[in-house]
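What you see below is based on every heavy atom in this structure, not just the backbone, and it leaves out hydrogens, waters and symmetry mates.
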Amino acid sequence: MSARDYITGLLAPLARKNCVTIAEWAGHTSPDRLHYLLERATWEERELRCRLGALAVEHLGGDGVLIFDETGDLKKGRSSLGAARQYTGTAGRVENAQVSTWAVWATAAGHALIDYEVYLHKEWFAEGDNRLGEAHAPGPVAKRTKGQQAAEMLRRLLAGPARPTAVSATGDEVYGNSPHLRRSLYDASLPFVLACASSTKLRTDPLIDPTRADELAVSIPTRNWQIRSVGKGAKGLREYAWGLLELAVAEETTGHHYLLVRQNLTTGEQAFYRCWSPEPRSLHDMVALAGARWAIEESFQQAKGRVALALTIQHTAAHILTWRRWRRRKNKAAKQSHYHRRDQPEP
């Protein structure tokens with residue numbers, strides 16, 4: 001009950017969100033239950049995340065796309081787990097922030113955030129275990145890349161109580177450049193479309209040297225380019241020209257490898273994706289998978305309160321009076337404590 005009320009309160013249209021405001025909004029008589037939930041209650045976090053993934057599969061369907069991305073929350077201090085000066089797309093620059101890696105399960109029925117890992121910047125390991133202990137890091141912490149974190153979230157979903165029937169994966173360059181994530185997807189025979197840098201070197205023939213992705217794009221035949229939409233944006237359909245080039249088998253795996261290129265119809269700017277599937281795939285299939293990544297952006301917007309949710313509760317007069325009395329008691333205690341400290345002689 002307390003966890004449900006807390007989560008619902010985080011989604012509510014409150015100007016400030018803390019245990020006091022959420023408890024009052026949810027109908028509690030004090031914030032004590034929420035304080036206990038966040039400070040002293042014990043639960044198995046990893047098991048809870050496995051159940052969340054299973055719940056998403058059960059309600060949204062087992063045929064979907066697992067999407068990886070990261071988001072950041074700006075921080076003023078250093079005490080939050082993972083807080084460090086690092087690049088975050090939230091600010092578009094290097095800032096003091098906490099960055100976390102997320103996974104979204106998306107199907108034709110909808111999408112939901114199902115798993116996450118807090119990313120620990122290298123400075124956390126340079127300072128030893130003390131800082132990790134002060135931040136209450138759960139158990140022994142290993143230094144892992146975002147790609148390795150994504151591979152672990154993939155493993156948890158597949159090992160969960162409701163394994164999906166069909167999974168594909170997509171993500172940006174951070175994940176496309178991760179051999180750990182690609183290896184996990186190969187081993188599980190899961191198709192993927194992962195963004196990669198223009199400088200990524202790939203082979204069209206096992207007997208020739210690898211070539212940069214942007215140079216390979218020039219060699220894509222005109223017949224292999226199509227204009228496709230990846231959904232609606234703020235300014236209408238997001239249409240691009242897409243080209244597909246088959247690559248040589250790589251990284252000691254079988255199956256079908258492709259280079260997918262997205263080109264802006266106005267500016268000509270290109271983006272690149274390395275793709276793999278155990279079975280042959282069409283350009284249409286690859287474009288649909290690449291376009292699925294927008295679902296995680298929508299999930300972040302909803303989670304951070306950028307999408308208004310109509311959650312309102314009507315409170316009784318007795319409830320309002322209860323909270324007025326609670327605030328008066330707390331303000332009186334705080335005032336007494338302030339004067340007590342002020343009257344103490346300095347050492």
Side-chain angles (χ1 to χ4, degrees), residues 46-47 49-54 56-58 60-70 100-107 111 113-117 119 140-197 200-204 206 210 213 244-260 272-282 285-286 288-290 292-293 295-296:
R46 295 190 182 278
E47 181 180 346
R49 281 187 274 182
C50 287
R51 292 185 181 181
L52 180 59
V57 171
E58 178 184 348
L60 298 178
D63 185 352
V65 181
L66 189 61
I67 311 166
F68 300 109
D69 203 353
E70 68 271 357
S100 49
T101 305
W102 287 85
V104 157
W105 179 245
T107 71
H111 53 83
L113 293 160
I114 62 168
D115 206 346
Y116 79 99
E117 290 280 351
Y119 175 69
V141 178
K143 185 177 181 180
R144 293 184 297 171
T145 65
K146 294 171 184 175
Q148 288 173 312
Q149 290 181 325
E152 175 61 19
M153 290 188 283
L154 170 67
R155 186 199 64 77
R156 280 201 290 266
L157 177 65
L158 298 181
R163 179 187 171 101
T165 55
V167 184
S168 301
T170 188
D172 64 14
E173 284 186 23
V174 171
Y175 308 98
N177 293 335
S178 170
H180 298 93
L181 177 58
R182 295 198 305 273
R183 185 74 264 165
S184 296
L185 292 166
Y186 291 142
D187 291 344
S189 295
L190 302 182
F192 63 77
V193 172
L194 298 170
C196 63
T200 302
K201 291 192 173 183
L202 304 165
R203 282 188 171 91
T204 55
L244 189 67
L245 183 67
E246 188 155 7
L247 302 173
V249 172
E251 299 179 319
E252 299 180 357
T253 185
T254 58
H256 298 265
H257 295 260
Y258 304 92
L259 170 65
L260 179 67
F272 307 91
Y273 303 82
R274 60 193 310 164
C275 316
W276 179 82
S277 174
E279 303 295 336
R281 289 294 183 102
S282 67
D285 295 335
M286 296 302 180
L289 188 49
R293 185 175 168 270
I296 201 167

Practice task
Hey, could you give me the OG/CG distance between Ser277 and Asp285, rounded to the nearest 0.5 Å?
Solution key: 8.0 Å

Practice task
Quick one: closest heavy-atom pair of Gly64 and Thr107, and the distance?
Solution key: CA-CG2, 3.9 Å

Handout entry: Thr165 side-chain N/O to Gly62 backbone N/O, donor-acceptor pair under 3.5 Å
Key = yes

Completion exercise
In terms of heavy-atom contacts, Ala151 and Ser184 come closest through CB-OG, 3.5 Å

Handout entry: Flag, side chain of Thr253 to backbone of Val249, donor-acceptor distance under 3.5 Å
Key = no

Exercise for the section: Give a yes or no on whether the backbone of Tyr116 and the side-chain of Arg49 come within a donor-acceptor separation of less than 3.5 Å. Expected result: yes

Practice task
Kindly indicate whether the side chain of Leu52, heavy atoms from C-beta on, has any atom under 4.5 Å from the side chain of Leu113.
Solution key: no

Practice task
Please examine the side chains of Pro280 and Tyr258, heavy atoms only from C-beta on, and report whether any two atoms are closer than 4.5 Å.
Solution key: yes

Exercise for the section: Check whether any side-chain heavy atom of His111 sits under 4.5 Å from a side-chain heavy atom of Trp105, and report yes or no. Expected result: no

Fill in the blank from the handout: Closest non-hydrogen contact found for Ile296 with Trp102 is CD1-O, 4.1 Å

Fill in the blank from the handout: Taken to the nearest 0.5 Å, the spacing of Arg274 CZ from His257 NE2 works out to 9.0 Å

Practice task
Count the heavy atoms belonging to other residues, nucleotides or ligands that lie under 6.0 Å from NE2 of His256, then report whether that count exceeds 12.
Solution key: yes

Exercise for the section: Measure the shortest side-chain to side-chain distance between Leu194 and Arg182 over non-hydrogen atoms and say whether it is less than 4.5 angstrom. Expected result: yes

Completion exercise
dist Tyr119:OH -> Ser100:OG (nearest 0.5 Å) comes out at 12.5 Å

Practice task
Would you give the length of the straight line joining atom CH2 of Trp276 to atom OG of Ser189, rounded to the nearest 0.5 angstrom?
Solution key: 5.0 Å

Exercise for the section: With the side chain counted from C-beta on, respond yes when Leu181 and Phe68 share a heavy-atom pair under 4.5 Å apart, and no when they do not. Expected result: yes

Practice task
Output the distance between atom OG (Ser178) and atom CZ (Arg144), rounded to the nearest 0.5 Å.
Solution key: 11.5 Å

Handout entry: Closest heavy-atom pair and its distance - Arg281, Leu244
Key = O-CD2, 4.3 Å

Result block: side-chain N/O donor-acceptor pairs under 3.5 angstrom for residues 168-177, not counting sequence neighbours:
| unit_1 | atom_1 | unit_2 | atom_2 | d |
| --- | --- | --- | --- | --- |
| Thr170 | OG1 | Val193 | O | 2.7 |
| Asp172 | OD1 | Val174 | N | 3.2 |
| Tyr175 | OH | Glu70 | OE1 | 2.6 |
| Asn177 | ND2 | Glu173 | O | 3.2 |

Handout entry: For the student: nearest non-hydrogen atoms of Val57 and Pro164, plus distance
Key = CG2-CG, 3.9 Å

Handout entry: Heavy-atom side-chain contact between Val104 and Ile114 under 4.5 Å
Key = no

Fill in the blank from the handout: Quick note, salt bridge (Lys or Arg N to Asp or Glu O under 4.0 Å) partners involving residues 145-166, not counting sequence neighbours, are Asp115-Arg156, Glu117-Arg156, Glu152-Arg155, Glu152-Arg156

Exercise for the section: Inspect the surroundings of CZ in Arg51 and state if more than 12 heavy atoms from other residues, nucleotides or ligands are less than 6.0 Å away. Expected result: no

